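Quick notes on the structure that follows.
All figures in this text were calculated on a predicted structure; none of them were measured in a lab.
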Protein chains: 2
Amino acid sequence: MNIHLILRVMTQQVTDKKEAIYEAAIKLLNERGFHSTPMSLIAKEANVAAGTIYLYFKNKEEMLNKLYLEIKEKYSNSLMRGYLETMPVRDAFELVWRNSLDFKLKRGAEFGVMEQFKNSPFIKKATTEEGLKIFSPVIKLVERAKREKIIKDYPDSIFHALFFAPVGELVKTHTIQRTEFTEEEKKLAFQGCWDAVKN
Amino acid sequence: MNIHLILRVMTQQVTDKKEAIYEAAIKLLNERGFHSTPMSLIAKEANVAAGTIYLYFKNKEEMLNKLYLEIKEKYSNSLMRGYLETMPVRDAFELVWRNSLDFKLKRGAEFGVMEQFKNSPFIKKATTEEGLKIFSPVIKLVERAKREKIIKDYPDSIFHALFFAPVGELVKTHTIQRTEFTEEEKKLAFQGCWDAVKN
DNA sequence: TGACAATGAATGAACATTCATTTAATTTTG
DNA sequence: CAAAATTAAATGAATGTTCATTCATTGTCA
């Protein structure tokens with residue numbers, strides 16, 4: 001392999017097709033669920049031959065586990081967007097909370113797939129563990145807030161449940177009911193989450 | 001059909017086999033997920049022939065939708081267990097919250113199936129709507145508490161997200177990590193949920 | 001014995017995956 | 001530099017398997 005080949009591989013085919021496959025999979029999985037999106041359909045949606053998917057993934061299981069991790073990583077990255085060490089802690093929490101909400105609202109298909117897979121026996125333990133690592137920046141922020149006595153000294157699991165779980169639930173409700181999520185409601189909901197964890 | 005037959009049908013076979021099928025389905029769906037529990041396996045687990053399932057259900061889709069409703073109903077009934085009109089409102093909320101937690105902990109398989117299906121496109125809109133009706137006793141309690149200014153005047157969706165969503169999230173975390181859910185943690189978590197909604 | 005319940009082997013459709021072949025890109029050679 | 005040779009990428013028809021569902025047959029019981 002010479003340098004040109006390496007560049008091509010890195011920037012063109014692999015990225016393009018793999019991305020196309022991921023995108024197609026996200027769209028279809030969200031719309032139809034795992035059980036009724038065959039590989040052949042994903043291939044068609046991605047404008048790729050059925051066999052091509054198997055150049056990039058060992059099989060369907062591996063593909064979906066990788067897709068899940070990819071989405072989790074995107075989500076995790078979006079959480080800390082705009083964060084500065086110098087922020088007041090409470091502002092940082094509002095930022096992270098809003099980032100979570102925005103991701104789940106704007107990237108509805110990704111969020112749908114995440115939710116569908118999160119509790120499915122289909123996702124392997126290794127994948128779940130990998131997914132936890134991705135979250136570490138947020139965990140650091142929580143540690144800091146606990147040390148400064150700004151939030152209660154909850155175990156991580158309880159903090160996460162009180163502060164983030166409601167966001168997902170709300171987005172699901174609004175998505176199902178096809179109702180607007182107003183700024184008023186966002187403020188109310190954040191205040192509730194904050195009241196649950198603040199000291 | 002004579003009266004004896006009707007009685008027999010109502011009390012013996014139908015109930016027994018249907019129940020056996022439901023139980024088998026819950027166990028397998030929770031363990032293996034929808035995509036890899038074939039009807040034949042459900043039949044075997046229920047000690048019933050494959051064809052028998054089709055005496056009680058039109059097809060797999062109908063079976064799963066009915067199963068989902070059945071579970072939701074059991075869950076909903078368990079929520080109000082022990083409730084008395086005369087209770088102080090805050091005690092009633094703690095009761096309902098603990099009932100929710102107990103159900104999700106003790107009936108882990110049912111809870112797992114519920115979670116797996118809740119966000120799946122597999123569940124039909126009609127089923128989701130039917131599932132909402134089942135919840136009405138709790139909604140009445142919430143109305144009462146709002147009127148008495150004991151909890152904040154949140155829209156139902158926000159109340160639900162703040163007060164109930166964390167319970168499910170916590171149970172899932174503990175189930176995955178195979179850790180004990182201590183009484184201490186339960187107290188902490190309830191206090192958080194209550195702080196989120198109380199006035 | 002008649003009426004219904006239950007069975008489970010058989011059927012056919014759907015699907016994941018393979019692989020022989022084609023197309024495209026890259027390198028070598030004269 | 002162009003043509004030939006090599007290597008890699010991509011294709012999609014074919015394969016074998018899995019599975020939901022059916023239905024001819026058998027069992028049950030009033």
Side-chain angles (χ1 to χ4, degrees), chain A residues 1-25 28-29 31-67 117 120-122 124, chain B residues 1-25 28-29 31-68 117 120-124:
Chain A
M1 277 224 272
N2 65 22
I3 186 64
H4 297 293
L5 177 58
I6 292 169
L7 282 175
R8 188 179 60 75
V9 165
M10 299 296 289
T11 57
Q12 302 268 290
Q13 270 74 354
V14 167
T15 310
D16 286 351
K17 305 241 160 173
K18 223 180 185 178
E19 268 317 302
I21 292 165
Y22 275 148
E23 268 174 44
L28 292 169
L29 290 168
E31 280 169 12
R32 314 168 45 104
F34 165 74
H35 70 285
S36 54
T37 79
M39 294 297 257
S40 55
L41 199 63
I42 294 173
K44 192 188 272 182
E45 177 77 27
N47 287 314
V48 139
T52 305
I53 297 181
Y54 292 86
L55 297 175
Y56 298 98
F57 306 99
K58 192 154 52 82
N59 52 35
K60 193 176 185 180
E61 183 177 29
E62 191 201 273
M63 193 198 99
L64 294 180
N65 276 271
K66 287 207 173 147
L67 173 61
F117 279 29
S120 146
F122 190 78
K124 295 165 156 183
Chain B
M1 279 222 271
N2 64 24
I3 186 64
H4 298 292
L5 177 59
I6 291 170
L7 282 175
R8 188 176 60 76
V9 164
M10 298 296 290
T11 56
Q12 302 270 293
Q13 270 74 355
V14 168
T15 310
D16 287 351
K17 305 238 160 173
K18 222 179 183 178
E19 267 318 302
I21 292 165
Y22 275 147
E23 269 174 44
L28 293 170
L29 289 169
E31 280 170 12
R32 313 167 46 103
F34 166 75
H35 70 285
S36 55
T37 78
M39 294 297 257
S40 55
L41 199 63
I42 295 173
K44 191 187 272 180
E45 177 76 28
N47 287 313
V48 138
T52 305
I53 298 181
Y54 292 86
L55 297 174
Y56 298 99
F57 305 99
K58 191 154 51 82
N59 52 35
K60 192 176 187 181
E61 183 178 28
E62 191 201 272
M63 193 197 100
L64 294 179
N65 276 270
K66 287 208 172 145
L67 173 62
Y68 178 68
F117 279 29
S120 146
F122 189 77
I123 291 301
K124 295 166 158 182

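Ranking D:dA20, C:dA16, D:dT11 by closeness to the A:Pro38 side chain, first place goes to C:dA16. Comparing C:dA16, D:dT22, C:dT7 by their nearest atom to the side chain of B:Leu55 picks out C:dT7. For B:Ala49, taking side-chain heavy atoms from C-beta onward, the closest of the listed nucleotides D:dA10, C:dT7, C:dT17 is C:dT7. Distances from the side chain of B:Asn59 to the nucleotides D:dA10, C:dT7, D:dT21 place D:dT21 closest.
For A:Asn47 and D:dT11, the CG to P distance is 9 Å, given to the nearest whole Å. The interatomic distance linking B:Ile53 (CD1) with C:dA5 (C1') rounds to 15 Å, in whole Å. Straight-line distance from the CG atom of A:Leu41 to the P atom of C:dA14: 13 Å, rounded to whole Å. If you take CE of A:Met39 and C1' of D:dT11, they are 15 Å apart, rounded to a whole angstrom. In this structure, B:Arg32 places its CZ atom 12 Å from P of D:dT18, rounding to the nearest Å. C:dT7 atom P lies 15 Å from atom NZ of B:Lys44, rounded to whole Å. Between the NZ atom of A:Lys60 and the P atom of C:dT18 there is a distance of 15 Å, rounded to whole Å. Atom pair B:Ile21:CD1 and C:dA5:P shows a separation of 13 Å (rounding to whole Å applied).
To the nearest 0.5 angstrom, B:Leu67 atom CG is 11.5 Å from B:Lys18 atom NZ. Distance check, rounded to the nearest 0.5 Å: CG of A:Asn65 to CG of A:Asn59 gives 9.0 Å. In this structure, CG in A:Asp16 is found 12.0 Å from CG in A:Asn47, a value given to the nearest 0.5 Å. We find the OG-CZ distance between A:Ser36 and B:Phe34 to be 8.0 Å, quoted to the nearest 0.5 Å.
Sequence order on DNA chain C of the closest nucleotides to B:Ala50 and A:Ser40 puts B:Ala50 first from the 5' end.
Under the side chain to side chain donor-acceptor pair (under 3.5 Å) rule, A:Glu62 has a single partner from A:Lys66, A:Lys60, A:Lys58, which is A:Lys66.
When side chains are defined from C-beta on, A:Leu41 counts as touching A:Arg32, because their heavy atoms get closer than 4.5 Å.
An OP1 or OP2 oxygen of D:dA10 is reached within less than 4.0 angstrom by a side-chain nitrogen or oxygen of A:Lys17. In this model, the phosphate group of C:dA6 is approached by a side-chain N or O of B:Tyr56 to a distance below 4.0 Å at OP1 or OP2.
When every heavy atom of B:Ala46 is checked against every heavy atom of B:Ala20, the shortest pair comes out as CB-O, 3.5 Å.
Stem analysis of DNA chain D (at least three stacked-register Watson-Crick or G-U pairs, each with both distances under 3.5 Å) gives C:1-30 with D:1-30.
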